[in-house]
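Everything numeric here is computed off the predicted structure, so don't read it as measured data. Order of listing sets the numbers, starting from 1, for every ligand and every atom in it.
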Amino acid sequence: MPTPLEALHSTFGYHDFRGRQAEVIDRVMAGQHTLAVMPTGAGKSLTYQIPALCRPGTALVVSPLIALMHDQVRSAAAAGIKAAALTSADDNRDETMRRFRDGDLDLLYVAPERASTDGFRMMLDRAPPLALIAIDEAHCVSEWGHDFRPDYRLLRPLLDSYRDIPRLALTATADRHTRADILAQLGIPDDGLILAGFDRPNIRYAIAPRDGIGKQIAAVVADTPGPGIIYAPTRDGTERIAAALAKSGRPVRTYHAGLDASIRAANQKAFVTSEDMVMVATIAFGMGIDKPDVRFVIHAGLPKSIEAYYQETGRAGRDGDPAIAQLFWGAEDFARARHRIETDTEESRRAGERQRLNGLGALVEAGNCRRAILLRHFGETPPSACGNCDNCLNPPASVDATEVARKFLSAVYRTGERFGVGHVAEVLAGRTSERISALGHDRLSVYGIANDDEQALIRPVARLLLANDALRPDEHGGLGLGPAARAILRGEESVPLVMQPKRAPRSRKNAQDYPHDPLFEALRECRRELAKSQGVPPYVIFHDATLREMAALKPRSRSELATISGVGERKLDAYGEAFLAVVRGG
Ligand code: ADP
Ligand code: ZN
């Protein structure tokens, strides 16, 4: 049996463990139960794959989605790991069970509902002892988590009948409540928790108000080569955006609940194997997508919560290469969300929902580091600037808009809390119209009290006040005062307004971070052909980072090639000659 470090080098071709991988692996190797909470892209799979290779017996991996299991089996197989999944979609189940009983598998993937059956337990009893039991997406066991799956609760008896087999629970998202619950539900001691930081340093966060969303999206997409996801709030929205993007020549697909299941599956498959496709989708898309080379995630509207935003943007850049998370939002998003909270939400949940929305308001309106806000939200104490978000790269100017905000709120109040931004702005500007005089709004004390400079700030101020809950919309778009209005009107709260740069900062990325290199392109072409002939996505063969290192080092021999990160023994045998030939020819 190799040691974990030997397996890291020989099977995966990686030089070092990353982050807290080594700690997790050490615990599993020592037979200890463990919960690893690590962000997407941290390399959770490695923490059970390596003990699977280094401990006697097969590792059982419980996973909630068939697509996820098949991705994992494929990647493991490409690295020379003996892996199989036992699901209704696999017709080689008999063979898999035989291999399992014969001790011919390193990894066996299974869904929780199958793992908890008596039949499965009997099979385990007749097979050699397990190396470990990994429980992937372990937050599914907790009702506190965002994705409770009752089947996960049924695993406990199975775990307890193999008390001596180390169990390793893994998840990317779990707040304090959920973590405690996972430990309790799966019988893992409190000191078995390994909590890695939430930061995803290679993701560049940028947030801007919508201002011609079609053009804004087109600009990010044009600047960012590689596969990307665009989240739109509605099915119609996805189709509109996709139709507009298709004209740019970039391959585009959509994914939403209105599409036939077979079309959804085909679109997802096309996206997973593509190197440049844009997927325009509702949030129905993403769970179970394990595509490491997603280069951007764009939100065309406000996400549900900071947790949802973190999870959705987290699908970018799992391979560690630079990636973009761009969010576009509008005052209407807040108006709609507030309205939903006040009318369609159970009384008992309203306070929590308001808090969630206010958290988003603070994030989108901030003039300081976005990453710091996100990380503080997850309980960390990050540095005040990250150097890789829109506000750190292009610090926006801030103006004191307290006076304008007070004038606006008074005008909302004086006009009876039932008009939209446009009308209130006209009153403040002192415009004349039949409607204004018919309503008598030209006789109000607030009529014409905003000067030209102030008038220019009215729309952004109204957007800010909506995001801050100082304004509340009714169902017709009329504005009323919200709970945060009072302190502003009394002069107890000031209103600093962040002036967004006119155009969203261009997403300087791959194109500039990595200058064009013909050898790199030739290596990608080689990868594309191999991927096509083997029916796997290109990233299963090598990641971009591995090809970039090849292009830089220009290895002349197998042994030189073997020093490159990501080139393990199996891949060296399978693909080494093909890539060496490209380097020699280049
Ligand atoms: P997670 O499940 O935590 O989102 P994955 O297990 O999919 O992350 O790993 C993300 C990527 O990082 C994978 O492509 C994996 O091969 C790579 N990776 C994992 N560990 C290392 C490491 N120690 N060095 C280099 N790359 C790694
Ligand atoms: Zn920052």
- Side chains of E569 and H9: is there a donor and an acceptor less than 3.5 Å apart? no

- Note on the structure: For the Zn ion (ligand 2) the protein N, O or S atom count under 2.8 Å stands at 4

- Task: Would you name the heavy atoms of Q72 and Q49 that are closest together and state the gap between them?
- Result: OE1-NE2, 4.1 Å

- Task: Compute whether any side-chain donor of one residue and acceptor of the other, for T546 and D544, lie under 3.5 angstrom apart.
- Result: no

- Message: Could you check whether R318 and T40, counting side-chain N and O atoms only, form a donor-acceptor pair closer than 3.5 Å?
- Response: no

- Task: Please determine, by modelled atom types, if Q534 and Y575 share a side-chain donor-acceptor pair under 3.5 angstrom.
- Result: yes

- Establish, yes or no, whether a centroid distance under 6.0 Å links the rings of Y310 and F378. yes

- Query: Can we say E137 and R149 salt-bridge, meaning some charged N sits less than 4.0 Å from an Asp/Glu carboxylate O?
  - Reply: no

- Task: Please list, chain by chain and in numerical order, all residues satisfying side chain to side chain donor-acceptor pair (under 3.5 Å) with E521, sequence neighbours excluded.
- Result: none

Counting only pairs under 3.5 Å, give me each side-chain donor-acceptor contact of residues 185-198, with atom names and distances, residues two or more places apart or in other chains.
unit_1 : atom_1 : unit_2 : atom_2 : d
Q185   : OE1    : R153   : NE     : 3.2
Q185   : NE2    : D181   : OD1    : 3.3

- Message: Can you work out which protein residues put a heavy atom within less than 4.0 Å of ligand 1?
- Response: Y14, D16, F17, R18, Q21, P39, T40, G41, A42, G43, K44, S45, L46, R318, H543

